[in-house]
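Take a look at the structure set out below.
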Amino acid sequence: RTKLGLGFGMWVDRFIISVRGEAKDANGRPLVLARDFATFIVEDVYRKGHPQVLKLWKRGEHALECISKGVEDVGVDFRGLVRTCKDGLVMPGGLKILFPDLKRVKDEATGRWEWEFWNGKNRERIYGAKVVENIIQCLARIVVFNQCLTTAREAREEARWVLSSHDEGGFVTDEFYAAWLYDLLMKNMRVPPSWAPDLPLNSEGG
């Protein structure tokens, strides 16, 4: 989970908190990292060791620049599956992530210029790495939702589809069909979408 956070731009303070919440020292107490060591892990170990991730963050930042200027149909990923549109991004199949009223604002505390948009209730900060996180979760939701939909159609007499999120689906069935349904789900959740036929997928469940 911590490495996932680093991939979405987690900085040193949040990294220290994340490790403290998830790891324990030799005495079973929460592991508290020194700030210098945490900075070394974030900057030197993770960020310098993952240059392609940093390039993708820059693509996310460039996408925000394009959206703010009303420039549409600019590819975010190298394949161009995700593209800029009016006020946001459009996914394969047409689903959108919107950043209405996107503009740069100056943070009075740091003096840095940052992106901000209206989320329907208040203004929210957004940045390149968070754009990447939004895209990944949205694409995962599209993939998993369609895999669950396929399963629900194939097992409509034997099971009910009761929940889904960006990375999981839940079904209810009689115990008699459980093993069969499990195998069906594992098969369907390893099938890539038509817009990314070489996407490596795997699944697990219980």
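What you see below is based on every heavy atom in this structure, not just the backbone, and it leaves out hydrogens, waters and symmetry mates.
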Could you pull out every donor-acceptor pair under 3.5 Å between side chains of residues 170-182 and any protein atom, sequence neighbours left out?
from	atom 1	to	atom 2	distance (Å)
Thr173	OG1	Glu158	O	2.6
Asp174	OD1	Phe176	N	2.8

Query - Exercise: identify the closest heavy-atom pair between Ala196 and Pro192 - result: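 In terms of heavy atoms, the two residues are closest at O-CB, 3.5 Å.
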Distance-only donor-acceptor hits, side chain of residues 198-206, under 3.5 Å, sequence neighbours excluded:
from	atom 1	to	atom 2	distance (Å)
Asp198	OD1	Arg79	NH1	3.1
Asp198	OD1	Arg79	NH2	3.3
Asp198	OD2	Arg79	NH2	3.0
Asn202	OD1	Arg190	NE	2.9
Asn202	OD1	Arg190	NH2	3.4
Ser203	OG	Met186	O	3.4
Ser203	OG	Arg190	NE	3.3

Could you pull out every donor-acceptor pair under 3.5 Å between side chains of residues 90-105 and any protein atom, sequence neighbours left out?
from	atom 1	to	atom 2	distance (Å)
Asp101	OD2	Arg123	NH1	2.9
Arg104	NH2	Glu65	OE1	3.4

Query raised in the report: Can you list every side chain to side chain donor-acceptor pair (under 3.5 Å) pair that touches residues 46-57, not counting sequence neighbours?
Result: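 Only Asp44-Lys48 qualify under side chain to side chain donor-acceptor pair (under 3.5 Å).
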Report task. Step by step, work out the side chain to side chain contact (heavy atoms under 4.5 Å, CB included) result for His166 and Val144. Result -> CA-CA 7 Å; His166 66 276; Val144 172; over 6 Å; no
Query raised in the report: Members other than Val191 in its cluster, when Ile, Leu, Val, Met, Phe, Trp, Tyr link by side-chain heavy atoms under 4.5 Å?
Result: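 Under the 4.5 Å side-chain rule, Val191 groups with nothing.
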Query raised in the report: To which residues is Phe78 joined in a hydrophobic cluster, defined by side-chain heavy-atom contacts under 4.5 Å among Ile, Leu, Val, Met, Phe, Trp and Tyr, whether direct or through other members?
Result: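 When side chains under 4.5 Å apart are linked, Phe78 ends up in no cluster with other residues.
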**Report entry** Arg125, CZ atom: more than 12 neighbouring heavy atoms under 6.0 Å
**Finding:**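 Atom CZ in Arg125 is packed in, count exceeds 12.
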Requested in this report: Using the side chain to side chain contact (heavy atoms under 4.5 Å, CB included) rule, take Glu133 and Ile136 through it: C-alpha gap first, then chi angles, then the decisive distance, then the call.
Outcome: CA-CA 5 Å; Glu133 179 180 7; Ile136 288 172; 5.9 Å; no
Query - Asn188 and Thr150 side chains, donor-acceptor separation under 3.5 Å - result: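 No.
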Requested in this report: Among Val82, Leu139, Val132, Ile135, find the one that has a side-chain contact (heavy atoms from CB on, under 4.5 Å) with Asp77.
Outcome: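 When side-chain contact (heavy atoms from CB on, under 4.5 Å) is applied between Asp77 and each of Val82, Leu139, Val132, Ile135, only Val82 qualifies.
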Report task. Dump the intermediate steps for side chain to side chain contact (heavy atoms under 4.5 Å, CB included) on Arg35 and Asp13, then the final yes or no. Result -> CA-CA 8 Å; Arg35 185 174 179 80; Asp13 292 337; 2.3 Å; yes
Query raised in the report: Does Phe40 belong to the same Ile/Leu/Val/Met/Phe/Trp/Tyr cluster as Leu33, with side-chain heavy atoms less than 4.5 Å apart forming each link?
Result: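 In one cluster: yes.
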